[in-house]
Amino acid sequence: MSALSSNGGETLRIEQIAKSFGGLTVFQDISFEIKPGALLGVIGPNGAGKTTMINTISGRLHLSSGRAMLGNTRVDGQSVFDNAKRGLVRSFQQTANFSGYTVEDNLTSALRFSGQDRSSLSRLTPLLDRFGLIEHWNRNAEILPYGLQKMLGLTMALATKPRMLLLDEPAAGLEKSERTNVDIYVQYARDEIGCGVMLVEHDMDLIKRLCREVIVLDGGRLIAQGEPADVLNRKDVIDAYLGGADDEDEHAQHS
Amino acid sequence: MEGLIATGLIGISLGSQYALLALGFTLIFGILGVVNFAHGGFYVMGGYVAYFCAAIIGLPYPLAVLVAVASTAALGWLFEVFILERVINDHQATLMVTMGFYLVIATAILVIFGAESPQFDFPLQGVWRAGAIYIPYANMVVLGVCLAAIVGVYWLVYRTNVGRSMRAMAEDRPVASALGMRTKMLFPFAFSLATGLAGLTGALVTPILALAPHVGDPVLAFSFLTVILGGLGSVSGATLAAFLVGLIEAYAAVYFGGSKGALILFVLVLVILVLRPQGLLGKEARRA
Amino acid sequence: MKELPASERAPFFGTYEKVTLGLLLLAFAVPFLTRNPQILSQSNLILIAATAALGVYIMLRMDLMSFAVPAFMAVGGYTVAMLGIRSGVTDVFALAAAAFLVSALCAVPLGWMILRLKGVYFVLVTFVLTEICQLLLFEAGPLTGGSNGLVGMPSVTVFGYEMYDNSHVLMITAGLAFVGFLIAAVLTRALRYEFAAIEKNDVLAESLGLACWKYKALAFSVAAGVSGLAGFALVNMLLTAHPTSFSPLSSVNYITYAIVGGKGSILGTLIGAAILVSATEFFALRGELSPGLYGLLIIVMTLVAPGGIMGLAENFFRRFGKRDSKALETKVAVQSGSGHS
Amino acid sequence: MKISIGRLLCGTVLASAALIGGATACELKVGVPAVLSGPAAQWGIALRGAMEFAAKEAMEEKRIVINGVPCTVSVMPIDTKYTAEGAASAMNAFAAANIKVIVGPVGSPEVTGMKPVAKRNRMVAMVNSFAKNSIGPEWPTVFHIGPGPSGWAGPIIDEGLKRFKFKSVAIVAPNDQGGTDIASVNAQIFKAKGVAPTEEYYQRGTTNFAPIVTRMLAAKPDAIDLASSPAGDAGIIVKQLRQAGFNGPIFRLGGPGTEEIARVAGGYDVLKDFLWFEPIAMDDNTRALEKKYEKLMGAPRPENADFFRWVFAARMTLKAIQAAQSIDDAEKISAAMRKLPVEDEHIGKGHWIGQKFFGINQEMSYPFAIGIIEGGKQQPYKRADAVKEG
């Protein structure tokens, strides 16, 4: 059941985008491309402008210069909901669900707002079962453990049948054991839904497991691009993360 | 040309009255996040307490004003602790209880003091005059007290640690109380400070204008105006806006007439609010 | 691998909607059961107050408190008065349609302007809106009759039959109230997910594709239209469109009816209006004390019943109801979408 | 089948009399729609006081006896909150208690709200309100309690012209019905007296009148008329006029309340030259009425001078009921009322007027007084005869 052909994903093209708040330049002169079904990892120390980049591409903030295109329609500067309808959907770092609603109602809302019917939900059943959301089907989402709430938020984004998915640190706050869910989630998004995925993440193992290609942001610039294996061993990338080679601990643990 | 200056002076004296009231109104909103519908009630209560002390008991006027400030501050403290505090997080409920309390205060005054305006004169009666330009001395006193109050509140809020913790409370209440700030003490203090200011304004302004049970009604409308324009939660914004509203009302009323003036004032505020939702100096509206 | 539990098709109208519309049908029977002018007048005032309070209820679904009800009541009321007095239109259906549409259309440009505002700014702007409307009623003398208002409106006709006496007036009010509540019920039920999402987390809703401002604007216009119907009913009762009937301070009354009644459900608006209007009439006998007693009642109700009268009732049933409370819990959650305030 | 109560009482126990439904005792109930809360409360309180006094007086002096049976008179006051729908709902409450006799309300918006209900339920009403359309041919059972400015403005202006020289006048009033109707009538009469009028309206709820005063003085008027501005507002306007340097005469051609205006303005010396319409010429007769009130009611009369006009109105209504020998037939009572001479034992004789101004001759005009303050000193009231139809 290859869904690749069904909705003909579209390429996300980012052309010399830049963003600054008043005098402060968050990022500048960044270009990259994500083809349908492709997966691009985006890494960089905190404050490198990763979340701001998602906010500008998804339409929440205006770009200072440059263009973001999905297929041949421009997405930057458009309203968030129009972009979502075009298939450009983003996820949130913290948990994102409707308080006081059950798991079912959260997912039903995602379907209604994106104009999908229940079939799009039934196709996600294996995912929902794997994440253990079905047992809590009628329970208030707010009282679920953090990990479950996070996966619910991600699955809601997927229920909209996106063409291009912008994931903002999906693994943030998850236990080591729960992180494999993200692998399954991303795999499912690419194979079953056939959408391209931009994965902003700090968990280097996850990046290495999933991504063929990764870009590194630091100080608002694109400092490296390529295979994770060789990019992660480059000195300037390590320096960017560790701020010079004084500390041997290779992975910056993020709570 | 003199007409313009005369009108300007009127606008400034209007502005000083509005500023004193808007100060309290903004403090309550800025720190407690409460739109205080009872603000006019404390204003009129301040007037009647001062009248009762000065005209009936015969205390000297300045002492009567102090008693008025103390009584309205005390009532504010009690109201906050026993009623407002219990619904502080539900902003719709705070509107209900403050509005209800306004009706209780206004009716109590009507029943105790009767419907007719009593005689309550400002001790200083003279008028300074130069050609067509004139300023009653009373207005000068109010302007002086107003500026002193503004500086006092500004100093308290921005230069003392009580003020700092109040501002922290306004920024993020849970974090502030987590850091050990006693909301049990700070909220009633901020509320009673604001109601005391309203009482002070009542004690000063009602002898200049008129004292009657219903003079608190219009307070709500122009407190809203000054706070909308000034930006919610911004002390300096509210003060600036109060003088702006005073000047607009004065010039609009003098050159366009009473009822058209009010219309111009409200329409102008609506336009400003829509173009700059956070008002002149206020911070982005909290998810109130 | 577990299967998705079948989603039980929630009925279009919840129990609260059905009970409310049922009660309103009962109100139709009142004119046939009694000729007592006080009961007729009391029911008239309650139904007008409830229909007006709907304007508040609809916007509260998105946690937006609106002070604009009197302004749109005035638009509806004056439209009907002008049509009746100046162009002789008396057919109730034409007048009702006019009252609804003119108010709703007036709300479109205003809605676009103020719906970008959040929380307290929406409250303040709608308050300023009602003040402006009151001033316009005075200033636009030739159109609105200025301070005298428009007097001597001809009685309304239903299929040509003139509805002049007390019980006829109540039938018209009951009809308008039923239509108002029906429109509000249909709107809030059909779009309950959309409204609840806007109230709970509009950023998330937009990221999923919901154009929040469109639904806010739609709700604002429909709320205005329903308030216009209430304005029509009030003017029809008084046979006069008078500025004092639409004073800015009366907006606080309508908000009180919706909130003290219980903002979680449409039944709360009807119950709140019924109880508080009766209380006002009862207090009026106390002369000078009436506003004070009303204020005290509101403080007590707000402290005792945070969820309003309906909240009290729900807690009562939950504690003593035999039905599985968990089901009621979730049903109520969806029903009222009462997230954080 | 009329059985006189006397025979019944001595023959059988009262309870059984009720049972067999003979001629029951005569109970006249009078509805009083009065504004008892908000800024205009003082006028409503005066109305309620006057009606309660007239009712007690009628009972104690058995002024109403219908076919031999002396009637009890009970009064039902309801707060109308000075709005159209407040008055309408009060009237419906009276209709429910099958009250057919109404004394009140006070203000124009209330009268606008109560007239349709009075017509629907066939009630006779004695109303105040200075609105131009307060009474009219389409409301035959509605009477007006006293002349509006159209009646007494003329004599007061003449009195002012005798004492002070002024060629122009600025009239100030609130921009609602109570204000505009009167200000425009005053303007016509000033013009007829050769005094050029300008009208200035303010939004009700204004607290500081310095801007309005500045605007009025820009036209350099010789005199000012406060028309029907509420007493509190009028007091501020006078205070701020004097502060702005205006020294000309000030008229108050609108409702009573001069005592309150003087208190707010700061005393008679601030009023300086002030003329006003006093509903009643205070003389020995009217002071006797005040004493009678204190004796009967055990408290001083309500301060607002409208009290006297409402006593006049209440007594006329009760006289009409006695003449019509009916406590609930509005047409019969109205017919009797029209034939009654306009007079009162304490307040004096007057006339029916209103044909020219309202198109119906149902406005009572009785002697009134012109209050005068000159150079800060109160002059004796100048008694003015009841105005006749012009």
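Reminder, nothing fancy here: chain letters follow the sequence lines and each chain counts from 1. The basis for the numbers below is simple: all heavy atoms, side chains too, and nothing from hydrogens, waters or symmetry mates.
Under the side chain to side chain donor-acceptor pair (under 3.5 Å) criterion, the residue pairs touching residues 96-114 of chain B are B/Tyr102-B/Asp217, with sequence neighbours excluded.
Only the side chain of B/Leu225 comes within contact range of chain C, with at least one heavy atom under 4.5 Å from a heavy atom of that chain. C/Phe138 does not touch chain B: none of its heavy atoms, backbone or side chain, sits under 4.5 Å away. At a 4.5 Å heavy-atom cutoff, the contact between B/Val267 and chain C is made by backbone and side-chain atoms alike. For B/Ile105, no part sits under 4.5 Å from any heavy atom of chain C, backbone or side chain. Both the backbone and the side chain of B/Val104 have a heavy atom closer than 4.5 Å to some heavy atom of chain C. Interface remark: B/Ala221 contributes backbone and side-chain atoms alike to the contact with chain C (heavy atom separation under 4.5 Å). Heavy atoms closer than 4.5 Å to chain C are found in both the backbone and the side chain of B/Ile83.
Under the 4.5 Å side-chain criterion, counting only non-hydrogen atoms from C-beta, B/Met99 is in contact with C/Thr256. Between B/Lys260 and C/Leu135, the closest side-chain pair of non-hydrogen atoms is not below 4.5 Å. At a threshold of 4.5 Å between non-hydrogen side-chain atoms, the residues C/Ile255 and B/Met96 count as touching. The shortest side-chain heavy-atom distance between C/Gln134 and B/Leu263 does not fall under the 4.5 Å cut-off.
We find the CG-CG distance between C/Leu249 and B/Leu220 to be 7.0 Å, quoted to the nearest 0.5 Å. Of the inter-residue distances, the one linking C/Glu131 atom CD with B/Leu265 atom CG reads 10.0 Å to the nearest 0.5 angstrom.
Around CZ of B/Phe113, the count of heavy atoms belonging to other residues, nucleotides or ligands within 6.0 Å exceeds 12.
Shown here for C/Ile299 and B/Phe101, the closest heavy-atom pair between the two residues is CD1-N, 3.6 Å. The heavy-atom pair separating B/Phe266 from C/Val128 by the smallest distance is O-CG1, 3.7 Å.
Chain B forms more heavy-atom pairs under 4.5 Å with one residue of C/Leu303, C/Ile298, C/Leu296 than with any other, namely C/Leu303.
With sequence neighbours left out, C/Glu281 forms a salt bridge (Lys or Arg N to Asp or Glu O under 4.0 Å) with no residue at all.
Ring pair C/Phe127/B/Phe37 is perpendicular by interplanar angle, where above 60° counts as perpendicular and below 30° as parallel.
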